[in-house]
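Report on one structure; see the data block that follows.
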Protein chains: 2
Amino acid sequence: MSEDQGKDRPSYHHGNLRQALIDAAVQLVEEDGPANVSVREVAKRAGVSPGAPFRHFSNKTALMTAVAEQAMARFRLEIVNAVEAVITDDPVDRFAAVGVAYLRWAIRNPTHFQIISTRSLIDWENSESLRRDNDAVRLLVEAAMLEARRRNLLQSNDIMETQIAARALVYGLARMYIDGHFAQWAIPGQTAEDTVQTVLKNYISSIRRAPITLPEETI
Amino acid sequence: MSEDQGKDRPSYHHGNLRQALIDAAVQLVEEDGPANVSVREVAKRAGVSPGAPFRHFSNKTALMTAVAEQAMARFRLEIVNAVEAVITDDPVDRFAAVGVAYLRWAIRNPTHFQIISTRSLIDWENSESLRRDNDAVRLLVEAAMLEARRRNLLQSNDIMETQIAARALVYGLARMYIDGHFAQWAIPGQTAEDTVQTVLKNYISSIRRAPITLPEETI
DNA sequence: GAGAAATGTAATCGCTGTTTACACTCCTCA
DNA sequence: TGAGGAGTGTAAACAGCGATTACATTTCTC
């Protein structure tokens, strides 16, 4: 959070209004959800007049895009850290670590995940920052998949399709959680996060090539 | 569409304003997306004053819920028809048919799918109709899964988890499409719909128990 | 046919995003 | 050092929004 969110400002100029507005918007997103953020309320929290934000953001979408960029940067950082924490050099394990961290972040930051995934409140196309961070995660996954294929660790050699399927599964789980579908799909005695991670774990097992074990009789 | 969307109305009373409002809302959803629907524009299209809709719907959410109910009914019908069109009595094929029809409908009715899946503009909890239609589809899938397990056609006997995984995959694919993620994930020479259906097909293959083929040498 | 119930209108409220004219402050350069 | 423009704030206004209220008209019911 930035220094002064309050009303009493020493000088006429704020000093760091742009970041203060982003911080206030982040706070509002967390309190009321992305759809209920208003520029006027953001301005009020930053202690400025309703028109002030438009000196720093051309419109509301630009402000929300800035919020998304900050969220996306944190998201990327968490994914990268998770992958680097993997001890073995098994690329499928690295791939799995991305999925685990992805779901973990989505579940713990549902409103921010919604902003960067739904993309209806932001200008995705024109944000270099968003695409760069998104590509970084995508390339991390792709590198793991390429190595996995090279080392013959996957059931299927079509890694593009494997990637899309895995991404769809993970994204679907995250969105089911965020959109409230797990009210109906809960497994008794498990939290939604447990369920989600279990499903992911078993999916990873299913795409990994089974070790070749000849039937005992033939030995 | 209903009869008179225009302004010139024979009598003071509309006659069937409730349905006319839903129709106008559906039209607006298709034109501008769910987020850009306004009650005032809906009223204008139905040829009534801005306050009139509130005689039939307690608020905007109630109107959008009625739109969602209509969309959900059509969605359910399409799924049921697709399953009944399956010729063999293989329950895994029935299961697959639900997925195919689900994705087909979502891709061809993206805005309506968004309304019933995101649930942010509607009152899901208090709509018996929505839950009934949703349960109908869910039970269709569950029946197929139970039969598949009974006939030992699945890799895993945990059908709850298999269902969640399959649902997550299908929902994830649908949402990736709707949220515009396929701009980055397209397979060259394939439409997004082709890709989506291919991924689904291969996933279904992977959950089906492989036929037991003994190694040739042992025969 | 009278009166109640249903369903329309018109006016209004407070909220929203955004723009415009204006005010203050800071930075730069002579 | 001091002038002036660039940057950044305010206040007031605009149209459009969801929603409510008072009132008008029609239809239903007995």
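Residue numbers start from 1 in every chain, and the chains themselves are labelled A, B, ... in the order their sequence lines are given, proteins ahead of strands. Because the structure is a prediction, the values reported are computed rather than measured.
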Where each residue is assigned the nucleotide of DNA chain C containing its nearest heavy atom, which of B:R55 and A:K60 is assigned the position nearer the 5′ end? B:R55
Indicate whether OP1 or OP2 belonging to C:dT16 is found under 4.0 Å from a side-chain N or O atom of A:S38. yes
Counting the atoms with a prime plus P, OP1 and OP2 as sugar-phosphate, which does A:P50 contact under 4.0 Å by heavy atoms, base, sugar-phosphate, or nothing? base
Return the orientation label for the A:F113 and A:Y102 ring planes: parallel under 30°, perpendicular over 60°, tilted otherwise. perpendicular
Could you tell me the separation between the CZ atom of B:R18 and the C1' atom of C:dG8, rounded to a whole number of Å? 17 Å
Picking from B:R167, B:R119, B:R175, what satisfies salt bridge (charged side-chain N to carboxylate O under 4.0 Å, His left out) with A:D179? B:R175
Once you apply a heavy-atom cut-off of 4.0 Å, does B:V42 come out as touching a base, just sugar-phosphate, or nothing? nothing
How many whole angstroms separate atom CE of A:M64 from atom P of C:dG17? 10 Å
Find the distance A:K44:NZ to D:dT10:C1' and express it as a whole number of Å. 16 Å
Taking atom types as they are modelled, is there a donor-acceptor pair under 3.5 Å from the base of C:dG17 to the side chain of A:R40? yes
Using the rule given for side-chain contact (heavy atoms from CB on, under 4.5 Å), can you reason through A:N134 versus B:Q184, listing the C-alpha separation, both sets of side-chain angles and the distance that settles it, and then say yes or no? CA-CA 10 Å; A:N134 195 55; B:Q184 217 155 21; 2.8 Å; yes
Between D:dG9 and A:H56, is there an OP1 or OP2 to side-chain N/O distance shorter than 4.0 Å? yes
